[in-house]
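It should be emphasised that the depicted structure is a prediction, and the values quoted were computed from it without experimental measurement. FYI, side chains are in, hydrogens and waters are out, and symmetry mates aren't considered; it's all heavy atoms of this structure.
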Amino acid sequence: MASPSAATDLEQTLLSFERLDRSSPELWPEQIPGVSEFAAFKSPGNQSPSWSAELEKDDIDMLQEFGSLTTANLMEKVKGLQNLAYQLGLEESREMTRGKLLNILDKSSKK
């Protein structure tokens, strides 16, 4: 078995003090010309997306809440919203029928 000093000597001989200069275009050419300028121009840190301008804080909080849900929890939430929409549709239908029976929605107004 090799002595500890031999292992240290081996490690010292394997060290490389070479510095790779990534700023040189000859050593590291761009794979696709113009990509670095485009990436700097379109970086997401420069501006927020146009759709987010219309969102209020409550909307953003709701999006973050939905984003933190698991798939199963998100599906459960969607099913709950679908059930709520269905119940609201039924209630609206009852109110429209009631309005027709009471002649509230009659087009010809009698004054």
Side-chain angles (χ1 to χ4, degrees):
M1 187 173 230
S3 67
S5 64
T8 306
D9 292 338
L10 179 62
E11 287 178 12
Q12 290 298 323
T13 60
L14 294 176
L15 285 178
S16 172
F17 298 104
E18 181 181 4
R19 295 193 59 210
L20 298 177
D21 183 17
R22 292 188 183 271
S23 64
S24 172
E26 289 78 29
L27 289 176
W28 307 99
E30 272 188 297
Q31 293 181 353
I32 302 172
V35 170
S36 58
E37 289 86 16
F38 180 76
F41 177 70
K42 289 289 190 180
S43 67
N46 290 346
Q47 59 187 359
S48 62
S50 60
W51 55 264
S52 69
E54 300 173 6
L55 296 178
E56 296 177 0
K57 177 148 177 39
D58 293 338
D59 299 330
I60 293 171
D61 291 342
M62 185 182 299
L63 284 174
Q64 289 175 345
E65 176 188 342
F66 288 153
S68 66
L69 294 176
T70 64
T71 305
N73 291 345
L74 186 60
M75 291 301 295
E76 184 178 321
K77 187 77 166 177
V78 168
K79 286 178 184 177
L81 290 173
Q82 287 174 335
N83 289 338
L84 179 63
Y86 179 75
Q87 293 297 325
L88 287 173
L90 289 177
E91 185 177 336
E92 182 180 11
S93 175
R94 282 192 297 268
E95 293 298 322
M96 291 297 289
T97 303
R98 181 175 176 227
K100 286 179 185 178
L101 292 174
L102 295 173
N103 290 326
I104 295 174
L105 301 174
D106 192 16
K107 288 187 180 182
S108 60
S109 60
K110 299 177 186 175
K111 290 185 179 181

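In this structure, OG1 on Thr97 lies 11.0 Å from CG on Leu102, to the nearest 0.5 angstrom.
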Give the C-alpha distance, both sets of side-chain angles, the deciding distance and a yes or no for side chain to side chain contact (heavy atoms under 4.5 Å, CB included) between Asp59 and Met62.
CA-CA 5 Å; Asp59 299 330; Met62 185 182 299; 5.5 Å; no

Side-chain polar contacts of residues 67-75 - donor-acceptor pairs under 3.5 angstrom, sequence neighbours left out - could you list them?
from: Ser68; atom 1: OG; to: Glu65; atom 2: O; distance (Å): 2.8
from: Thr70; atom 1: OG1; to: Asn73; atom 2: N; distance (Å): 3.3
from: Thr70; atom 1: OG1; to: Asn73; atom 2: ND2; distance (Å): 3.3

Quick one: side chains of residues 77-87, donor-acceptor pairs under 3.5 Å with protein atoms, not counting sequence neighbours, listed by atom name and distance.
from: Asn83; atom 1: ND2; to: Lys79; atom 2: O; distance (Å): 3.4

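Here Arg98 pairs with Glu95 in a salt bridge; the nearest charged N to carboxylate O distance falls below 4.0 Å.
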